[in-house]
Asker: 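Shown below is the structure under consideration.
Letters A, B, ... mirror the listed sequences (proteins, then strands); counts begin at 1.
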Amino acid sequence: MDWTPIEKKWRQRWDDEKQFQSDPDERKKFFVTVAYPYPNSPQHIGHGRTYTLADVHARFMRMSGYNVLFPMGFHYTGTPILGMARRVQENDTGLIDAFKTLYKVPEEKIKEFSEPVKIADYFHQEIKAGMIEMGYSIDWRREFTTIDPFYNRFIEWQFKKLKEKGLVIQGTHPVGWCPKDQNPVSQHDTLGDIEPSFTEYTVIKFKYGSYVLPTATLRPETIFGVTNLWVNPNVNYEIAKVDNEEWIISSECATKLGFLNKKITKTGNISGAELVGKKVKIPERDDEVYILPATFVESGSGTGVVMSVPAHAPFDYQALDDLKKEASKHPNIPSLADIKPISIIETEGYGEIPAKDVIEKLGITNQEDPKLEEATKELYSKEFYGGRLRQNTGRFAHKVVADAKEEVKKWILDNGNADTLYELNEGVVKCRCGAECVVKLLDNQWFLDYSNPEWKEKAHSWINEMKILPEEIRNEFNHVVDWLKERACARQHGLGTKLPWDKNWIIESLSDSVIYMAYYTIVKYVNAGEIKPDNISDSFFDYIFLEKGDLEKVSSEYNIPKEKLESVKKEFQYYYPVNARHSGRDLVPNHLTFFIFNHLAIFPKKYWPEEIVVNGSVLMDGKKMSKSMGNIIPLRDAIRTHGADSIRLAILISAELLQDADFNQEAVRGIKNKLENMLDDAVKYKAANEASLAQEDRWMYSRLQQLIAKATVSIQKMRLREALHYILYEFDSDVQWYLKRAEAKNRADQAGILHKVFSTRVAMLSPFAPYVAEEAWSRLGNQGLASKSPWPVSDEAKIDLVSVQSEDLLKATLDDIKNIIKVTKITPKKMTIYTAAAWKVKAYQKILTQVTGGDVNIGTIIKSLIADSETAEIKKDPDFVKKTVNDILSESQDSRDSKNKVGAVDETEALLELGSLIKSEYGVDLQVFSETDLAKYDPKNKARTARPYKPAILIE
RNA sequence: GCGGGAGUUGCCAAGCCUGGUCAAAGGCGCAGGGCUUAGGACCCUGUCUUUUAGGAGUUCGUGGGUUCAAAUCCCACCUCCCGCACCA
């Protein structure tokens, strides 16, 4: 079946009725937003999840009577698009092929892609078209991009506010950096998409005469165990003036230091071999050690000089051992044999010289052995978490290594005997431009000061107050607030808004997207041409958002009529705060937390966001979606093959909020079939006058009320999978039972009832599968639109508990009959059912009351029953009590309560209903007797085993 | 390391918050039947073990505990997944 025409038809209707356009009115409002997309590719099914969740939320609230605003914008800010444009300019075939085959971009469009904005514009339209096709109930009059001039004014205003409050600060920060592009690099900017991560090393300055021989280490605390330095004799070292000292370092190191803002002047060279045998002074220790040769030392790593701690560093131990073996080759080092490892860390499970232990364990015999890496890793982590410094480490003695490391580092740094070096972890990382990346210390970088303690405190307290779904995310937010530090908020390249006070910087993408929800409430006026963005500046936003300033003045300043200005302000005040912000899980540690922080900083409390709803990601056939796996399905392709509603349901039904949703073809097919069946059914049940209600009709209506109640609660908690489960599946099994009952009775008058039932269901399905719901709604013969119908309200009064109990009794008895037939394998000829005697019913009611009251002691129950003349007959059958108590205990609280409320049900009457079912299913007649009926047919003496809700059965 | 999540019957996956309706939804697979020229689709029945009367037994990562009652609550352990930044 082709959904396209159906989707088109209803989309047109919604559009004609301007259903999703929201303007302030007298109703209560509900403002729901989703993070706007970054348009550097078409959206795929994974992107659809958050939007679909938000759309269901919006549609549900709309049907519940709220004036719902659900807007959408496009986030052009950022650098990846710049990178893409550059690759197009360079004729990167990999990317261009992806555009052609994967994204199906027309050839002539790709040609324009050398201009970044064209890429954004193209995918912007592509994504928007997909959103419309998916049926998202968005008010498109409020659309914008983050490079629109009016938006730029808005962001400038935001940053000035933050700066006024002292939340924007300047500082120095290390970043991964491309020397050619003169720009920080992120994962998107590198060849092979490697995240350029780096580690901070402590550089310890050893003195060689007037020179400094610096060594880079991760373990400054081991300075107490240094026995020598290592240089590579084959390396030609540089002598360079570094700031005011003369350092001997590898040339690679000199380059690195240059990016770390050191002033480097080369003054000469010295070979490693020349240094061998010389002595250096160890800082903080009144001691001198030799410089020795080692081949494992690489000039590209650290400073090219290594401090040797043989007791705790396997490389050092092995190199020293190797050297001693050929001591004769080094006559200029007289006392090589005297160099002994100095043990300074005590760790459980290791002896005096831990490095020796590890080396022997792994069978390492020389310094070229690659297993040395493994040895180093093992020992480092064991000593770091479990080791303590020994007596010979002065005031650090007995401290655990993890703590001592930081203290020793600070101590040496404070004494001017150390420095800091950053080193890329992955070795060589190449920028997309081909240049090798480095770590650069950026000066005068602008930061948002998320480490500000008052700001943090405010964020914590609001996080604890606001609604967060699912609840477990609340902790995560609090944790993020704790570890969040200053965050760079400006870059030197990329699309976006310039920093208002320093136009060399562009405000970074995660910082210009934190309060834009407010912008939705006013951008409508700019899009309609009622406000000209050109000369807008701060006093405008102050007036609208903060109610600061004078109406008269602002009006004349911007040449906006006073009434217009007032209605802009009123619109903001009507819609704000955001009632629900939907987002993927990945945005918790960044965007969503910033969103909270910034709202708290800029707006008064009444405008702080009310609720955040976080969802997991989408898997494709159980696997993560990725370009390299080739399992990315563009959303619009999927809509064409499966239909929008099937996709919406498949995404929603496969997982609850936080779980990853698995999108698989089979599930979609199943859903599609279900929807098609629903449409077929819809035409069968037109509105009709109902006959007087039979038992099963009352039951069906009761179940409907219960389902409405359950589904509504589930949606309110955003447990959409659960809600769909009720609306789609539980509902179905109820209808099936109903049809079975009605058909067994050969009824022909149930269409009117089913029409009502199905219409209610279709209305409830409408937020989830809007197109199918509209189509089914009209096929059922209903007027208007399903999406405009009010959300069904459960009416307690329509629940007939007796009919619910009776039908349950029928189902249970039918199950028992089936069971008996299965076990005995007999072909039934005749069936007889016996209901329990009156005294048993009384006893049952009493037991029920007692058990509900918490008394499950069989002895006391029996006593009290015997004491009562109505139930004294229990003496004859004491086993009855035990069985009944078990019956009751194995029931749910709900069912017990309802039995309590209903009192005794006339089982004989109820079970007579079974006759038609038995006849149609087994083709035999059913007789129902009371246990006490003297004229009953009971050849096998079964009747006496009857219990309330558990009639005796005889099958012959 | 810090923080978060998960482990359920052949597979996927609900149930856990709020203990009892749980041998545990639904889907897939498998078996039998129906429909069909055939295939597909669709419909019915079955699918832990055992049982010729609706019963019993053993299961929800492992080991304890609480309770009349535990997949569900508590404690410990094992295993797996995700995030840890200047990037959308």
Asker: May I ask you to say what A:Pro39 touches in the nucleic acid, namely base, sugar-phosphate or nothing, with a heavy-atom cut-off under 4.0 Å?
Answerer: nothing
Asker: Please tell me which of the listed nucleotides, B:G54, B:G3, B:A88, lies nearest to the side chain of A:Ser509?
Answerer: B:A88
Asker: Can you tell me the base-pairing partner of B:G63? Count Watson-Crick or G-U wobble geometry only, both distances below 3.5 Å, and say none if there is no partner.
Answerer: B:C75
Asker: Nearest-Å distance, CH2 (A:Trp483) to P (B:G1)?
Answerer: 18 Å
Asker: Using a heavy-atom cut-off of 4.0 Å across all strands, would you classify A:Ile817 as base, sugar-phosphate, or nothing?
Answerer: nothing
Asker: Go through B:A88, B:G55, B:G15 for me and flag the one nearest to the A:Lys950 side chain.
Answerer: B:G55
Asker: Specify the separation, in whole Å, of atom CD1 of A:Ile953 and atom C1' of B:A53.
Answerer: 9 Å
Asker: Select one nucleotide: of B:U18, B:C86, B:A53, the one nearest the side-chain heavy atoms of A:Lys717.
Answerer: B:U18
Asker: Going from CD1 on A:Ile119 to CZ on A:Arg87, what distance comes out if it is rounded to the nearest 0.5 angstrom?
Answerer: 10.0 Å
Asker: Mind checking if A:Lys672 touches a base, just sugar-phosphate, or nothing, with heavy atoms under 4.0 Å?
Answerer: nothing
Asker: What residues form a ring-ring contact (aromatic ring centres under 6.0 Å, His included) with A:His725, not counting sequence neighbours?
Answerer: none
Asker: Just name whichever nucleotide pairs with B:C80, Watson-Crick or G-U, keeping both distances under 3.5 Å, else none.
Answerer: B:G5
Asker: Taking any heavy-atom pair under 4.0 Å as a contact, classify A:Arg719: base, sugar-phosphate, or nothing.
Answerer: base
Asker: Could you give the CD-to-C1' distance, from A:Gln706 to B:U21, as a whole number of Å?
Answerer: 13 Å
Asker: Check whether any side-chain nitrogen or oxygen of A:Thr79 sits under 4.0 Å from OP1 or OP2 of B:A88, and answer yes or no.
Answerer: yes
Asker: With heavy atoms under 4.0 Å as the rule, sort A:Glu486 into base, sugar-phosphate or nothing.
Answerer: base
Asker: Heavy-atom nearest nucleotide on RNA chain B for A:Ala952 versus A:Thr77: which residue maps closer to 5'?
Answerer: A:Ala952
Asker: Consider the side chain of A:Asp816, meaning its heavy atoms from C-beta on, and name the nucleotide among B:A88, B:G83, B:G54 that approaches it most closely.
Answerer: B:G54
Asker: Whole angstrom is fine here: how far is it from NZ in A:Lys485 over to P in B:A85?
Answerer: 9 Å
Asker: Using a strict 4.0 Å threshold on nitrogen-to-oxygen distance, state whether A:Glu722 and A:Lys717 make a salt bridge.
Answerer: no
Asker: Want to settle it: does A:Leu954 or A:Pro37 sit nearer the 5' end of RNA chain B, counting the closest nucleotide to each?
Answerer: A:Leu954
Asker: Is the shortest distance from a Lys or Arg side-chain nitrogen in A:Arg703 or A:Glu807 to a carboxylate oxygen in the other one below 4.0 Å?
Answerer: no
Asker: For the pair made of CG in A:Leu469 and P in B:G5, what is the distance, rounded to whole Å?
Answerer: 15 Å
Asker: May I have the distance from A:His460 (atom NE2) to B:G3 (atom P), rounded to whole angstrom?
Answerer: 14 Å
Asker: Have a look at A:Leu510 and say if it touches a base, only the backbone sugar-phosphate, or nothing, with a 4.0 Å heavy-atom cut-off.
Answerer: base
Asker: Given B:G54, B:U18, B:G3, identify the nucleotide with an atom nearest to the side chain of A:Thr945.
Answerer: B:G54
Asker: With rounding to the nearest 0.5 Å, note down the distance linking SG in A:Cys489 to CG in A:Asp512.
Answerer: 10.5 Å
Asker: If the plane angle is over 60° it's perpendicular, under 30° parallel, otherwise tilted; pick one for A:Trp737 and A:Trp699.
Answerer: perpendicular
Asker: Sort out the partner of B:A41 for me: Watson-Crick or G-U wobble, both distances under 3.5 Å, none otherwise.
Answerer: none
Asker: Report the nucleotide, chosen from B:A53, B:C86, B:G3, that has the shortest atom-to-atom distance to any side-chain atom of A:Lys940.
Answerer: B:A53
Asker: Nearest whole angstrom, please: distance from the P of B:C86 to the CG of A:Leu484.
Answerer: 13 Å
Asker: In whole angstrom, what separates A:Glu722's CD from B:A25's C1'?
Answerer: 12 Å
Asker: What nucleotide among B:A85, B:G3, B:A88 has an atom nearest to a side-chain atom of A:Tyr38?
Answerer: B:A88
Asker: What's A:Ile821 touching, base or sugar-phosphate or nothing? Going by heavy atoms closer than 4.0 Å.
Answerer: nothing
Asker: Does this structure show an ion pair linking A:Asp816 with A:Lys950, if we count only N-O contacts that are shorter than 4.0 Å?
Answerer: yes
Asker: Among the nucleotides B:A53, B:G3, B:A88, which one has an atom lying closest to any side-chain atom of A:Ile955?
Answerer: B:A53
Asker: Hey, what are the protein-to-nucleotides 41-47 of chain B N/O distances that come in under 3.5 Å?
Answerer:
| from | atom 1 | to | atom 2 | distance (Å) |
| --- | --- | --- | --- | --- |
| B:C42 | OP1 | A:Asn673 | ND2 | 3.0 |

Asker: When you measure from the side chain of A:Thr146 to the backbone N and O of A:Tyr76, does any donor-acceptor pair fall under 3.5 Å?
Answerer: yes
Asker: Tell which nucleotide pairs with B:C22, taking only Watson-Crick or G-U wobble pairs whose two distances are both under 3.5 angstrom.
Answerer: none
Asker: When we call it a touch if two heavy atoms are under 4.0 Å apart, what does A:His725 touch: a base, just sugar-phosphate, or nothing?
Answerer: base
Asker: List in chain and number order the residues that pass salt bridge (Lys or Arg N to Asp or Glu O under 4.0 Å) with A:Lys684, two or more places apart in sequence or in another chain; answer none if no residue qualifies.
Answerer: A:Asp681
Asker: Choose from B:A88, B:G83, B:C86 the nucleotide whose nearest atom is closest to any side-chain atom of A:Pro589.
Answerer: B:G83
Asker: Between A:Tyr51 and A:His582, does the side chain to side chain donor-acceptor pair (under 3.5 Å) criterion hold? Intermediate values first, please.
Answerer: CA-CA 8 Å; A:Tyr51 300 124; A:His582 283 256; over 6 Å; no
